[in-house]
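Everything below concerns the one structure shown next.
Because only heavy atoms are used, hydrogens play no part in the values below, and waters and symmetry mates are left out as well, while side chains stay in. Here the structure is a predicted model, which is why all the values come from computation and not from measurement.
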Amino acid sequence: MFYAAAHTGVIFDYNTGVQRLLQGHVNPISATAVSKDKKWIVTADTGPDSMMVVWERESGTPVKTFFNPHPYGVHALDIAPKLQYLVTLSAPIPSSDPLASTSGQAPDSTSRAEQGKSQQKEGEQDYQTISVWDWPSDNDGPICTAAVGTQDVQTCVLFNAWDTHEIATNGKRRVFFWTWDVEQPFQFYSPALAPRDFKQRIGDYTQTIFLPESTQAATGTIDGDVVIWDLSLIVDGLSRPDERRAVKIIRLCPEVSLNVLQVHEKARVVIGTADGAVRFYDYQFRVQAWFEDLLAGSVKSISFERANEDGEDYEPTGISAGVGVEDDFKCPNFLVSTGSALVVLVESKLFYELSPENRRGRLVLQGLDSPVHGLSCHPQLPLVAVCGYSGFLHMWNYNTRSLHLVKIFEKLVPHILQFSPDGKLLAVGFTNGHCKLLKSTDLSEVVSFRDSRDCVTHIAFSSDSCHLALAHADRSLCLYRFSHRPNDKNFPKEWMYSAKHKSHWRPIVGLCFSSSESEKLRLFSVGEDRRLVEYNVKSSEFGGLQIVQPDTVVEQEARPTGCMWYPYSGGKGDNQKVLTMNDEYKFKIWNTVNRSCRKTALAPTYGGPITRMTPVYAEADGEDQFMLYATHEKVLGLVQLPLDGNPNKCMGLIAHPGQIAAISVDYQGQYAFTCGGNDLTVNQWLIDPQPVANASVMGGSGIEPFVKLLDGGEDGAFFCDMKDYFYYSQIRSQDENTTKARMLDGMIPVQEIPHLMCALGYFPTQLEITNMTNEVKYSKFAETGEYVERIAFDDLVKLYVNHRPVFAVGPEQIRQAFEATKRHEPGPLSREAFLSLLTSHGEKMSYEELERCLEALVGDSSINRVLEEEVDALDFAHNVLGLAEAEDESQEAAAPAEGTSEWAGTTSWSACEAVMVCSRFTRFHRAFQILEAQTVRMPRSLEFHSASTIFSQDDVPRAGLIDQRPGPSENVLEQFHIGATLTGSAQADYRSTMEQFGNWETPMHVPQSFPLQVGAPVTNCPPPSESVMWIDKRRLGPSAVALDAWMQAAALLRPPRLGCPVGALVCEAVRDYQGRKAVHLSIEGAALLGAGEVPPELAALRSEGQVEFVEGLRLGKQPYAGPHSAAEEVPSTAEASFTFIELFAGIGGFRRALEPLGGRCVFASEIDVDCQEAYAANFGSSNLYGDITMVPSEDLPRHDLLTAGFPCQPFSRRGERRGFDDARGELFFEIVRALDVCRPRAFLLENVWNMQFLDGGHWDGDPSKCVSGEVYARVVHCLEEIGYTVQTEQLNAEGWVPQKRARLYFVGIRRDHREAFARFRWPVAPSERRIREVLESVGSEEALRSELTEAQWAAPWPALLSKGLAARVGLAV
């Protein structure tokens, strides 16, 4: 059998299991055909650089290749029965000039095709072309071509087997009949068919066939009907007598799509349907035989084997009588392929089997029915595991080519696989954040984890198979361990959660453990934020994943694409290295001891940046070791170690037509496996590294391979200049002005390298200079233990080739950089802003340096004369940097499109990257270091605090203690880069409490014409900043207009959750404010309104002032106004014995209790605006602040006691009990941050009692039998980790007030106050209380107020006496 798999044709012997591959396409094969005599195979693809190839089946060799048969490739094709001709339908080409006629003569094909090519970018409509090819001739072009005059994309094309010069095509709604001849234009017509013609609905068309020995044709539909087309003497005015028209419709399979229609032999029509059945009909469409028990899925194609050589006649008896007789039904064996990726062999004799099980045919091929992203080879057995998005997990034995084990996941979508090094476990990561560990022997589940709700993107096992690390799409990293329960080795070892951390603010692209040869177990991750982070694995319990030391900045301009533990030692003891790859085609090797870059090497430049690498051999080292690599798309290859940039030590080939989702190598290093994601294909490759090793030898030794990469090669002017500069550097290093004899030894000091690089046109940044210096310095340290201080010419050539940028930057990239520095805001970049970026960010430049550079570039050192007040990007590139327009085309081909990463397509330039690109071409000796997020001068409320600074005090690093929150505004930086009004945020859970504005004297985002003043202002708590659309009910006209406005508003709201109608969401998100309504908008809605792209009705209301749009920040965030000045502080009336702060203050319950004890509140934080009003009314607003996550650590005042009743919804039995997976649960770590920064002597925390038993705990009436859960243990561990001794107790308020209210309290005292901790005692509730003890006394003010209305309470006493109330309240005159 023949079938297509991605870009490869496969001839498969299903009896022996042997495949023969037809390789040559670079795009997915989209159309195939096999000649009637089974001798020729035709394949064609769709995409750029498309091809159509005719293959000889017996040898599998191509005999004819047509390059670019159509601009976008071939959509469908057929081969004529006489074998000479091919007909093709092109993939749709955008065009602004489609043919409008449906009958008549087609225009000249050549001109039309050329028009399609020239108009494919600006065209708005689609049209196709149809071409006929004489493939045995020497002509490489079509002999006849025409444009298809319809917007209905034609999907089926077929020669009339009895008249090769007639062709039929059809799309979903139109059928075309074409006639052609050599060197003659196409003639065509398209018969019309409407539901009124036959008074029934006409479903979409599927396939068309010609019926033999007649003028009839038939077209199947998705409704189970067959439309019969035939010549008719009845002319309806739209057709001619010599044109077919619809004469009848036959209902064959009601409501079942007829997917396949074929004519076989002389007397049968074969139809395959969506219900999995294959039925045989005569030419009057009377059923003759049926195969309805295949149970393989929706039929997609049917293929009959070639007739026997003895000429056996398969024509059924009784055909001459015109009646189908199934008693003697015969036909050749046929193959049925289905939508479930199954191929079934069916024999005609199965028709007579009585049992349905015996009529199902023989399964000869099982393919993949959904995208495949997970792939992993067993480390000890010839097994490979594959998973797909339909929920399947297959384990195949690739030696026997048999399916070993199968597991189906219900309601889970597996995304990634990884075997443990010992081969006992298989880790499966899912798109919803789940991870399951399965036994590799039977795929039974061992344990399941879910500590994130986003897709698992990376899985890594430690070398001893006792630690597992997961990276998720939300940038979180989770660590699990196989060990005994904490402090109890009596329990057997089990897999358990260890820690979690969000150490990156952009997606994680690489994750790896150190090897068994490492001194200690290390875990590393690298992200698109250009940070390499190392974690302390052994010290990480369930309290937090500790970062060993500050992050390593691995890139400035480039984006990392992956990392792995480098398997090449390079010398005795030199085995502590991590390899990173980037999107500028570079390898970088980092020493994990001192975090220095030991090597930068040029990576293979085939197809795109490398994203995945894995060693080929488990035990090999040195030059015997090879690495298998894959780019993001298409290319798979080998590279020989050590990595030194030698282009002869690598190779690459096209492995898939699109994305390469995963790669793996078998345990013997003999085979490589790849999966292509959406192409539903897994490929097995035989690894033969010898040709690569031979090419490395044949390519020359020393600097010969590197010199060939220089402009002009060894004989070029550039190489001569390099030698001259090197010679001059030798002289310069020994003092240019000396009269002493110089001793030139062919070496220069390391300090001369930056000057030489600048002379050669490569202007490294300070970080790049450091990397080059370290590379030379440590080049022989592993062998000799000594530093290298001087470098020879050969080493300099290699250093230059490996470090210089692969692609230069042209004017277009400068323009993109300027846009990023402006944060993509409209208008030009001012000179002041441009100079501020150059002088205050990254590798800063002084004004003197700027003037010297301008003098060297344009001959004028005056900044004001050279730079206009508004700096234009292209003018700066051309007239200041001297970049020529000639570079534009090459740069457009080399650089990624604006706003996207070349290899992933998901990231955009930040302002810091843009400054780096601009500075690269100013020929400054010190170009910019990439701007760190925390150095970007944003408004204070948008500053980003990295994990390495926010959780530290007194120079004691505590970055790893808090595993959930890398900073109080981790997502704000993302918002700053992409310029969105709103971004997805965990704080969105607060929407219900953040809907209304607080009371603020001058709300920044509300126009002054609509002030909102209700009650006393709370100046420290600005209103929650959101994108809001105001609708003024007082100014709206009739109710119909108001209804239209609300409907338009509903369309801009956040998409409703499953099962939630839009109307309900409108009511939820709308709030009244003094006659106006505020509609809180979604991200999409805010973006549309901000860009002015609104429906006309809403635009009209907006122009009339009835609707107003106010742009803000993110939902659930408030701008932070900063600390108060001394003038704003309220002086204390009495000397306080201690100070305290209230976090999550509510209306001030802790303050109400502590102030009578002598405490003074110095800070309070509350996000709810209603609570803010109540708090301000009771205690004033001088120390009241809003969202605690927006308050920088340095603004938290010193205090003696911290109190907090942090949100209980994530832990309560009445909630979802998601714990720290709930965004509100993460707010506990704000308490830890405050404790870690301010170091108060004590704290008092409160939450619901169920928190103690959440996640694995157990409550019992007998306190001695209670078991605390993971959440409780984690909270206590975090508090103890930062230096506090903690006690907890469950207290019930019923001992003091008439209410049952059980709560869990945490009391912590700093460890240097042990004596205070020893004196602490929990309060004991009275054993018995009487009602009178809690009632107000008779005649008290409280009792009197409860008896009177507000009017009576304010009335004078005589009025009360006149009403006789005195006796009731017990008052005397």
Side-chain angles (χ1 to χ4, degrees), residues 990 993 1138-1157 1159 1161-1168 1171 1174-1175 1178-1179 1184 1188 1199-1215 1217-1220 1222 1224-1235 1238 1240-1255 1257 1259 1263 1266 1268-1269 1271-1280 1282 1284-1310 1317 1320-1325:
Y990 288 110
T993 59
F1138 64 94
T1139 58
F1140 66 91
I1141 70 172
E1142 274 191 295
L1143 305 184
F1144 316 101
I1147 60 174
F1150 280 114
R1151 183 167 182 170
R1152 180 68 179 85
L1154 293 174
E1155 282 188 339
L1157 300 177
C1161 182
V1162 295
F1163 178 90
S1165 169
E1166 174 54 48
I1167 195 172
D1168 187 275
C1171 292
Y1175 194 103
N1178 286 310
F1179 305 106
L1184 178 59
I1188 184 60
H1199 53 280
D1200 300 313
L1201 174 66
L1202 180 146
T1203 64
F1206 54 103
C1208 64
Q1209 296 93 330
F1211 315 106
S1212 174
R1213 295 177 66 188
R1214 293 182 177 269
R1217 287 176 277 187
R1218 291 169 53 195
F1220 293 117
D1222 193 308
R1224 295 166 293 188
E1226 290 186 348
L1227 292 175
F1228 162 74
F1229 298 104
E1230 294 298 325
I1231 298 173
V1232 182
R1233 172 169 71 97
L1235 291 172
C1238 300
R1241 289 185 290 176
F1243 64 77
L1244 174 59
L1245 312 179
E1246 172 265 345
N1247 211 293
V1248 292
W1249 67 271
N1250 188 61
M1251 182 182 189
Q1252 184 171 354
F1253 310 110
L1254 190 63
D1255 196 2
W1259 179 86
C1266 291
S1268 299
V1271 170
Y1272 171 83
R1274 187 174 178 185
V1275 168
V1276 173
H1277 182 84
C1278 287
L1279 297 172
E1280 291 178 342
I1282 55 177
Y1284 286 86
T1285 305
V1286 183
Q1287 286 193 34
T1288 64
E1289 185 72 15
Q1290 292 211 20
L1291 300 176
N1292 199 317
E1294 66 179 347
W1296 292 271
V1297 295
Q1299 180 187 22
K1300 289 186 176 181
R1301 193 172 182 85
R1303 286 296 182 269
L1304 176 65
Y1305 292 88
F1306 298 79
V1307 168
I1309 299 177
R1310 213 168 58 203
F1317 189 82
F1320 174 75
R1321 297 291 184 272
W1322 289 102
V1324 179

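At most 12 non-hydrogen atoms from other residues, nucleotides or ligands lie less than 6.0 angstrom from CD1 of I1147.
Qualifying side chain to side chain donor-acceptor pair (under 3.5 Å) partners for R1310, counting only residues two or more places apart in sequence or in other chains: D1312, H1313. Under the rule for a side chain to side chain donor-acceptor pair (under 3.5 Å), E1280 has no partner lying at least two apart in sequence or in another chain. Applying the side chain to side chain donor-acceptor pair (under 3.5 Å) test to T1285 and every residue at least two apart in sequence or in another chain returns nothing.
At distances below 3.5 Å, at least one donor-acceptor pair connects side-chain atoms of E1166 with backbone N or O atoms of G1146. Of the possible donor and acceptor atoms, none in the side chain of D1200 sits under 3.5 Å from a partner among the backbone N and O of F1140. Between the side chain of S1165 and the backbone N or O of L1184 there is no donor-acceptor pair closer than 3.5 Å.
A centroid separation of less than 6.0 Å is found between the aromatic rings of F1220 and F1229. Aromatic rings from F1243 and Y1284 are positioned such that their centres are separated by under 6.0 Å.
Atoms CH2 and CG, from W1249 and L1291 in turn, are 14.5 Å apart once rounded to the nearest 0.5 Å. Here the CD-CD distance, from E1289 to Q1252, works out to 9.0 Å after rounding to the nearest 0.5 Å. Separation of atoms CD1 (I1167) and CG (L1227) is listed at 8.0 Å; rounding is to 0.5 Å. F1317 CZ to Q1287 CD: the interatomic distance, rounded to the nearest 0.5 Å, is 3.5 Å.
A salt bridge does not link E1142 with R1151: none of the charged nitrogens is closer than 4.0 Å to a carboxylate oxygen.
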Intermediate values then yes/no, side-chain contact (heavy atoms from CB on, under 4.5 Å), Y1305 and R1303 = CA-CA 6 Å; Y1305 292 88; R1303 286 296 182 269; 3.6 Å; yes
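Partner of Y1272 under the side-chain contact (heavy atoms from CB on, under 4.5 Å) criterion, chosen from L1254, T1288, N1250, D1255: T1288.
Q1299 and E1294 share no side-chain donor-acceptor pair at under 3.5 Å.
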